[in-house]
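Since the structure comes first, as C-alpha cells, the remarks are kept for the end.
Just so you know, these numbers come straight off a predicted model, no measurement behind them. To find a chain, count down the sequence lines: A is the first, B the second, and so on, and within it residues start at 1.
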Protein chains: 2
Amino acid sequence: MWGGSPLGLSSAAVPSPPRSSRERARLQVDERRSQLLELGLQLFSDHSYDELSIDDIARAAGISKGLLYHYFPSKRDYYVEVVRRAAGQLIERTDAASQEVSVEALHGALDAYLDFVDQHARSYVALVRGGIGSDPEVVQLLEATRRTLTERIVSRISADEPPPLLRLALRGWIGLVESASLDWLDRREVPREQLRGLLEQMLVATIMAAGVTPPVL
Amino acid sequence: MWGGSPLGLSSAAVPSPPRSSRERARLQVDERRSQLLELGLQLFSDHSYDELSIDDIARAAGISKGLLYHYFPSKRDYYVEVVRRAAGQLIERTDAASQEVSVEALHGALDAYLDFVDQHARSYVALVRGGIGSDPEVVQLLEATRRTLTERIVSRISADEPPPLLRLALRGWIGLVESASLDWLDRREVPREQLRGLLEQMLVATIMAAGVTPPVL
DNA sequence: ACGCGCTATTGAATCAAAGTCAATAGTCGA
DNA sequence: TCGACTATTGACTTTGATTCAATAGCGCGT
C-alpha cells in the first residue's frame with residue numbers, strides 16, 4: 001500500500017551515504033550519535049515514522065543497520081531522541097528573546113517562534129504533529145516543551161502557579177499558536193507580521209478571558 | 001520494548017470474543033463491517049496504532065486475521081476507517097445544535113461538542129491526537145472534519161468565503177478548542193460551564209482579532 | 001425439505017521489517 | 001609497532017503484516 005517499490009524511498013528520495021570512502025569509517029561515539037540524530041531530523045521531516053525502515057535510515061547514514069542499534073535500543077527510541085532534539089532546538093532558538101522585558105519581550109518571543117516555524121517548516125510540522133500515534137514518551141516530551149514555552153509567558157504575569165483556568169486558557173492558546181502556524185505554513189496567505197499580531201492579540205484576550213488583568217499592554 | 005509479554009495486551013486487556021458460540025458465525029457483510037469498526041474505535045481509544053497487532057484485533061473480534069483482510073485491505077485502511085467513523089460521529093452529534101440561531105446556537109453547539117468530548121473522552125483523545133504519525137489520509141480526514149466544524153460557525157458570520165486572516169484565526173481557534181479540551185479531560189480542574197464560557201469568549205475575541213465585527217453577542 | 005451455489009470465513013504460508021549477536025577491523029595508548 | 005578496546009558489520013532470528021487456496025454457513029430454487 002505504501003510504496004510501490006520494495007521501499008517507498010530508494011536511492012532517489014533518501015540522501016546517499018557520504019560520497020567516496022566506502023570503507024569502515026570509525027567515528028567517535030558523540031559524532032556518530034549526533035550525525036544520526038541530525039539525519040533523523042531531516043528524514044522524519046519528509047517521511048512518516050513507518051514510511052522509513054531501519055534499513056532506509058542506515059542506508060541514508062551510510063552505515064549498517066546493526067550500528068543504529070548500537071546507538072539506540074530501538075527504532076522508537078531513535079525517533080524519540082530525534083524529536084527530543086528538535087524540541088530542544090525550538091526551545092533554544094526562542095530562548096534569547098525571552099530575557100527582555102514586557103511588550104517587547106512578547107513581541108520578540110513570538111518573532112523568534114515564528115522564525116523557527118518559518119525556517120524549519122518541515123521539521124516544525126513533523127514536530128507538532130507528533131509523529132508516532134500517541135507514543136506516550138513523545139506526547140510527554142511535547143507536553144513538556146509546551147509547558148516550558150508557556151512558563152516563559154506565565155512568569156511575566158505572576159510569580160506563582162497560575163490558577164487552573166488561566167493554565168487551561170494558556171494551554172489552549174499554545175494550541176492556537178500551533179494550529180495557526182501550521183495553517184500559515186500550509187497556505188502562506190497572510191503576511192507574517194499579521195500572524196504575529198493576531199497571536200499577540202489572542203494572548204491578551206486569553207489572559208483576560210481567564211479573568212486576569214494582563215500586566216503589560 | 002513495548003509490552004513485556006508476547007503482546008502487550010492479551011486476554012486481559014482486550015475484550016474477549018462473543019461469549020458462547022465458538023463456531024463459524026457467518027454474519028452479513030454490513031453487520032460484520034460495522035462490528036469491526038465499532039470494536040476498532042474502542043481498541044484504538046485505549047491502545048496506540050502499533051501497540052495493537054492485527055492478531056490482537058482479530059482475537060478481540062473473535063474472528064480470524066484473514067477475515068479482517070477480507071473487509072479492509074490493510075491495517076492502515078482499517079485504522080483510517082475507524083477514524084473516519086469517529087469523526088463522523090463527532091460531526092453528527094454536534095449537528096443538531098447548529099440549526100438554531102445566534103447566541104443560543106453557539107452556546108448549544110459548544111455544549112454539544114463538549115458533551116461529545118466528555119462522553120467519549122478516550123475516543124476523542126485518540127481522534128484529535130491523530131493516531132498514526134502523520135498518515136496523509138488521516139491528516140486530511142481530520143482537517144476536513146475541522147473545516148466542517150468551522151464552516152458551521154463561519155456561515156453565521158457571513159455567507160461568503162471568509163477573508164484569509166479570518167480563516168486562519170478560526171483555524172487557530174479550533175486548535176485552541178482541541179487543546180483546551182484535551183487539557184480539561186486530563187485534569188478536570190475547571191467546571192465544564194467555565195470551559196464553555198472560555199471557549200465562547202475566545203471565539204468572539206478571535207473574530208474581532210481578525211478584524212471582523214461579530215454579528216451576534 | 002433438499003441440494004447447490006455464493007461468499008463469509010479460516011489457517012497455513014509468505015514476506016517485510018525490527019531487533020540480536022558473534023565476528024571483524026579501525027584507532028589510540030604504551 | 002603491537003595490543004586492547006570498541007565501533008562496526010552482516011548474517012541470523014523474531015515479530016507482525018499480508019496473501020491465498022481451501023472450507024463451510026446460509027439463502028434460494030426446486
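- Atom-to-atom, CD1 of A:I57 to P of C:dA18 comes out at 8 Å; the value is rounded to the nearest Å.
- The shortest distance between the side-chain N/O atoms of A:S53 and the OP1/OP2 oxygens of C:dA17 is not below 4.0 Å.
- Residues satisfying the salt bridge (Lys or Arg N to Asp or Glu O under 4.0 Å) criterion with B:R147, sequence neighbours excluded, are absent altogether.
- In this entry the distance linking CG of B:D56 with C1' of D:dT15 reads 12 Å, nearest Å.
- Rounded to whole Å, the distance from OH on B:Y49 to C1' on D:dG16 is 11 Å.
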Table of protein N/O atoms under 3.5 Å from nucleotides 4-7 of chain C N/O atoms:
unit_1 : atom_1 : unit_2 : atom_2 : d
C:dT7  : O2     : B:R26  : NH1    : 3.1
C:dT7  : O2     : B:R26  : NH2    : 3.2

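- Considering only side-chain N and O atoms, A:Y71 lies under 4.0 angstrom from the phosphate OP1 or OP2 of D:dT8.
- From A:R85, atom CZ reaches atom CD of A:Q89 across 6.0 Å, with rounding to the nearest 0.5 Å.
- For A:F72 and C:dA18, the CZ to P distance is 15 Å, given to the nearest whole Å.
- Not one side-chain nitrogen or oxygen of A:Y69 sits closer than 4.0 Å to the OP1 or OP2 atom of C:dT20.
- Side-chain rings of B:H120 and B:F116 approach one another, their centers coming within less than 6.0 Å.
- Atom CZ of A:R76 is separated from atom P of C:dG19 by 9 Å (rounded to the nearest Å).
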field: A:R167 vs B:E189, salt bridge (Lys or Arg N to Asp or Glu O under 4.0 Å): CA-CA, chis, key distance, verdict
entry: CA-CA 10 Å; A:R167 245 210 67 265; B:E189 293 172 336; 3.4 Å; yes

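- With the nearest nucleotide of DNA chain C identified for both B:R32 and B:K65, B:R32 has the one nearer the 5' end.
- One interatomic measurement links the two molecules: CZ of B:R59 to C1' of C:dT10, which rounds to 16 Å at whole-angstrom precision.
- Using a 4.0 Å heavy-atom distance criterion, A:L67 is classed as a base contact.
- In this structure, the CG atom of B:L68 is 13 Å from the C1' atom of C:dA8, given to the nearest Å.
- Ring pair B:Y79/B:Y49 is perpendicular by interplanar angle, where above 60° counts as perpendicular and below 30° as parallel.
- Geometrically, A:R188 engages A:W184 in a cation-pi contact, judged by NZ or CZ lying under 6.0 Å from the ring centre and within 45° of the ring axis.
- Counting to the nearest Å, the C1' atom of C:dC15 and the CG atom of A:D55 are 14 Å from each other.
- For B:E178, the salt bridge (Lys or Arg N to Asp or Glu O under 4.0 Å) partners are B:R146, not counting sequence neighbours.
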query: Reading DNA chain D 5' to 3', how would its secondary structure be written in dot-bracket notation, given Watson-Crick and G-U pairs with both distances under 3.5 Å, brackets [ ] for crossing pairs and | for partners on other strands?
result: ||||||||||||||||||||||||||||||

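- Residues meeting the ring pair (Phe, Tyr, Trp, His ring centres under 6.0 Å) test with A:Y69, sequence neighbours left out: none.
- Partners of A:R32 under the salt bridge (Lys or Arg N to Asp or Glu O under 4.0 Å) rule, at least two apart in sequence or in another chain, do not exist in this structure.
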